[in-house]
Amino acid sequence: MTDDAPRYRYDFNVIEQRWQETWQSRKTFRTAGPGEAGFDPDRPKFYVLDMFPYPSGVGLHVGHPLGYIATDIVARFKRMTGHNVLHPMGFDAFGLPAEQFAVQHGVHPRVTTEQNIANMLRQLKALGLSYDWDRQLATIDVDYYKWTQWIFLRMYNSYFDPVEQHARPIEELLTKLQNEVYFVGFDDRIIPATDQGLMGLEGEPIGARKWHELDEEQRNAFLDGHRLAYLAEVPVNWCPALGTVLANEEVTNEGRSERGNHPVFKRPLKQWMLRITAYAERLADDLDAVDWPEAIKKMQRDWIGRSEGALVDFAVDGSDELIRVFTTRSDTLFGATYMVLAPEHPLVDQVITEAQRTAVRDYRRQAESRSDVDRMAEAKEKTGVFTGGHAINPVNDQKIPIWIADYVLMGYGTGAIMAVPAHDERDHAFARTFDLPIVEVVKHDGENIDIQEEAFVGAGVNVNSANDDVSINDLPTPQAKTKITEWLEHKGLGQGHVQYKLRDWLFSRQRYWGEPFPVLHDERGRTVALDESELPAELPAMEDFTPVASDDPDAPPQPPLGRAPESWRIVERNGQRYTRELNTMPQWAGSCWYYLRYLDNTNAERFCDPSREQYWMGSTEQNSAGGVDLYVGGAEHAVLHLLYARFWHKVLYDLGHVSTPEPFGRLFNQGYIQAYAYTDARGVYMPASEVVNADGKPASEVQGTKGEKFFHNDQPVTEVYGKMGKSLHNAVSPDDICAEYGCDTLRLYEMYMGPLDASKPWNTRDIIGVHRFLQRLWRNFVNEETGELKVTSDKPGAQRSEAPGIDPLLRLLHKTIKRVTEDMQRLCFNTAIAALIEMNNALVGRDTLPRAIAEPFVLMLAPLAPHLAEELWQRMGHDDTLAYEPWPTYDEQYLVEETVELAVQVMGKVRGRITVAADADRAAVEAAARNDENVAAHLEGKTIRKVIVIPGKLVNIVAN
RNA sequence: GGCCGAGUGGCGGAAUUGGCAGACGCGACGGAUUCAAAAUCCGUUCCGGUUCACCCCGGGUGUGGGUUCGAGUCCCACCUCGGCCACCA
């Protein structure tokens, strides 16, 4: 800076540092809830929450804080509109990436994770975000995961009541079984005594047993099998390269692990499961009550995958066995020409014939060894093997062959299907491959379709669909479904059924860096839960925490905790030896309830005090569903975190621990910040800073441009557009932007880029625009030569009677308050900033600024650029922070214009403008319009047919 | 393949219910200031025509059609891009 530069320029470094220190030392944003000092119960509450981040090793790039800045603006705005605002932040610090980072660096994950948290905290605090840092938490804190384990125990000690449709303590199930309110089904389902048709003539249950008929082992197995958290041997996603099993949600479409892109295999393994399927219906139905983006609701509904249909039993020819299938097209039963079992189906061994034994065994072995990757890749061609067995189609007694094929999935429905090749594309393809008969039973209403060539899957009218007892011929598809299902039910051959795609949640991982399960296993292999008083079950200190990875899909899972010291693994109790569970919980566990712990993060007695939960999570006028009032995060969590958290919340709700059925009343997905990346001739990503400078011009390393293209060593450089990230070498650090322009500028720029929910490209070049706005604003308030404040105590002329009209400055202020307030309420920060820029531009060049204009203007700026706003507020003579100052309100009387300008159209084209009194009547407006010179010229020689007057907007004259 | 969303100047975007398309910002161009530059300030900037002093005229929101006095906005078909799901019976 040279000597003659203004001495009192906008110095964001000094201003931002001062205010961040002030906020921290004065605890400006400490929030009091019920039972805390300073709590004001008369104010409405507002809980605004960010999806808490992973403390990754590379730190934040400018894409990460987009949502944090938005919620911070909302939090600050809501404080100024008189709300008690809860705005906390924490860290989701268990999980694979944290562990992998630690393994790569050879340091204990707790050390690396805590370093990463410290770095992220520094970055977040440098953005001036108004979190109540006293509420900060991390999922790896023992005080936190103690309660994660406590919630797990609640699930372990509960079952889902099929009649009441909610979770209840497992003791209630025991009581109901003992009192014969419920019976034990032969398929291990709970059978209510009220089940019609269950009781035989003697009053004995049919297809069910009484509790006292079971021995102790059967009783334990039955109870354990109905817990919401249970151990089961089921086909799971086994990823040998990661050395762990994964949830369905963590496996990509291509059958690879979401983390690391490794192949995943289906293996039957005994693992912890959570009974999320019990909640399928409520998870789907309750979406109606929450204010979420429709796209996210749809993704969840699709994931839950409700479909209505029927279960139908097919008898195996020459055996007592029944094969149960699920179908959504019971109307096509007469067209079922064969059956298919999943290769893993338990009945395969019963239906197989000696001649087919080898072929079936080979096929099963082959299906097993293929990873999901291969299976998906070969999805186009249908494969399968005939078992040799036959089944009887219950509607027409036809003998149809039973096949096995991997296009039938064991995990959905019953793992078996009736194949109707005429009316299902997959069955059609299979039938054509193996030359199986195709019988048409539904006709297209109009078109003629060659059913041998092409399946007809739509709704139509039934044909060929009758037996001696029932006919559904000539019925349209919906009626045909109803009638045949009723007939099946009447005959005891089947029943209507609602099937969900959702599967139970695989809840254990072979990892070190996760929450230990609070359970033990005794020497007979039975599970014993820890008592609440024994929590937390702490992770042991370990030197070697690396997972056991392998290329071999048949390698067994080896949890790292198996290498923990024996003093941790073995527990002696009443002379009995127990071993601890060696698996840990998946990463999602901690994020399922963190929003509740913020409410009361230091409570040592409970996971959360009920009065605080009821206050902060209660429903309000704007948030009828209750829960968090605004939850902001990326759409990538649509079916993972957001589904899991809703499930946990509903369990806690059923058990009376929380007061609302839904955790997040309103959800908002921010868009992504995209960026340009550059590849060289080989397609390798080049650091973006080597290709272009911040101003978009070629960087020195690049030899120049030819047309639109950049060149490097005479090779063309290709520009591609995508997500910002380390791998694309195009990440921009908020640290750099804050250093150069200040964080007020960064905040404004990120909000000014476009709508919050849209994805938009980062352009460092454009930042200067909002930075100029702040500099200009500073000069409107402060004389840069003298440092004196330009704000004066004189009042703008508000009285209409004295002056000829309203002071234009006052009118501008009130117009701006209206615009900014409305934009704030609908999260349109880009247009709110535009309104402030316009007002600011109107203030340029004045020697003085009336206080009555200056103060509301600064208050409107405060949520967006809080540091500069606080600085100016203090310079205007206020000792206290402006964070709790009332938000400015506008007065309609200053918005009323005496005259308005209207556009005049002739045949829909603007031909002139007229200025008329705001209250001018129709006739006067019409006359003025026709008097306009250019309008008159266009009306020359034409007859006016119609005149449309839209008050305050335009006049359209229709003439010909 | 299915579902959802989006296509507006050189660029990011604005136009809340059908009512003056392009607010605001970037960039670009011209000017002032300066020895010079940065910074700052003023002006121009959708395309084309006539005149550039003001005006005026034609075209224009992915393409083609429709509804309407009037369409970026509503309806139909198509094209392109993005996202999600994908053998779920």
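Keep in mind the model is a prediction, meaning the values are calculated, not measured. Just so we're on the same page: letters track the sequence lines, and every chain starts at 1.
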Kindly indicate whether the side chain of A:Leu643, heavy atoms from C-beta on, has any atom under 4.5 Å from the side chain of A:Ile304. yes
Among B:C87, B:A89, B:G25, which is the nearest nucleotide to the side chain of A:Asp766? B:G25
Does B:U68 pair with anything, Watson-Crick or G-U wobble, both distances under 3.5 Å, and if so, with which nucleotide? none
Partner nucleotide, any strand, of B:C3 [Watson-Crick/G-U, under 3.5 Å]: B:G83
What's the gap between B:A77 and B:U67 when it is taken at their C1' atoms, as a whole Å value? 15 Å
Any idea which of B:G27, B:G12, B:C20 is nearest the A:Pro761 side chain? B:G12
Separation between CD1 (A:Ile948) and CD1 (A:Ile957), nearest 0.5 Å, reads 10.0 Å
Applying a 4.0 Å non-hydrogen cut-off, can you work out what A:His938 is touching in the nucleic acid: base, sugar-phosphate, or nothing? sugar-phosphate
B:A23: pairing nucleotide in any strand, Watson-Crick or G-U under 3.5 angstrom: none
Both distances below 3.5 Å, Watson-Crick or wobble geometry, any strand: find the nucleotide opposite B:C78. B:G62
Rounding to the closest angstrom, what is the interatomic distance between B:G18 and B:A23 at atom P? 23 Å
Look through every strand shown and name the nucleotide pairing with B:C35 as Watson-Crick or G-U wobble, where both distances are under 3.5 Å. none
State which of B:C41, B:U16, B:A89 makes the closest approach to the side chain of A:Arg826. B:U16
Contact class for A:Glu822 vs. all strands (heavy atom < 4.0 Å): base, sugar-phosphate, or nothing? base
Would you mind classifying the nucleic acid contact of A:Arg945 as base, sugar-phosphate or nothing, using non-hydrogen atoms under 4.0 angstrom? nothing
If only side-chain N and O atoms of A:Lys909 are considered, is one of them under 4.0 Å from the OP1 or OP2 phosphate oxygen of B:G59? yes
Pairwise P distance for B:U73 and B:G62, with rounding to whole Å: 8 Å
Can B:G59 be described as syn, meaning its chi torsion is within 90° of 0, or is it anti? anti
Using OP1 and OP2 only, check whether a side-chain N or O of A:Arg772 sits under 4.0 Å from B:C26. yes
Within a strict 4.5 Å, meaning less than it, do heavy atoms of the A:Asp766 and A:Tyr752 side chains meet? no
Classify A:Val408 by what it touches in the nucleic acid, base, sugar-phosphate, or nothing, heavy-atom distance under 4.0 Å. base
In whole Å, measure the gap between the C1' atoms of B:A71 and B:U8 for me. 14 Å
Applying a 4.0 Å non-hydrogen cut-off, can you work out what A:Asn830 is touching in the nucleic acid: base, sugar-phosphate, or nothing? sugar-phosphate
Could you give the distance separating B:G19 and B:G70 at their C1' atoms, to the nearest angstrom? 7 Å
Would you indicate whether the side-chain heavy atoms of A:Lys815 and A:Tyr890 approach each other to under 4.5 Å? no
Who does B:G43 pair with, Watson-Crick or G-U, both distances under 3.5 Å? B:C29
Does the structure show a Watson-Crick or G-U wobble partner for B:C56, both distances under 3.5 Å? Name it, or say none. B:G49
Write down the distance separating the C1' atoms in B:G13 and B:G72, rounded off to the nearest Å. 14 Å
Sugar-phosphate, base or nothing in reach of A:Ile837, heavy atoms under 4.0 Å: sugar-phosphate
Quick one: label A:Arg776 by what it contacts on the DNA or RNA (base, sugar-phosphate, nothing), any heavy atom closer than 4.0 Å. sugar-phosphate
What interatomic distance, in whole Å, is found between P of B:A6 and the corresponding atom of B:G59? 29 Å
By the 4.0 Å heavy-atom rule, please label A:Lys298 as base, sugar-phosphate, or nothing. sugar-phosphate
With both distances under 3.5 Å as the test, what is the Watson-Crick or G-U wobble partner of B:A14? none
Please pick, from B:C69, B:G25, B:C57, the nucleotide with the shortest atom-to-atom distance to any side-chain atom of A:Asn934. B:C57
Please state the C1' separation for the pair B:C47 and B:G9 - nearest whole angstrom. 9 Å
Nearest-neighbour nucleotide for the A:Asn956 side chain, B:G70, B:U40, B:A89 considered: B:G70
Is the shortest side-chain heavy-atom distance between A:Leu246 and A:Leu506 below 4.5 Å? no
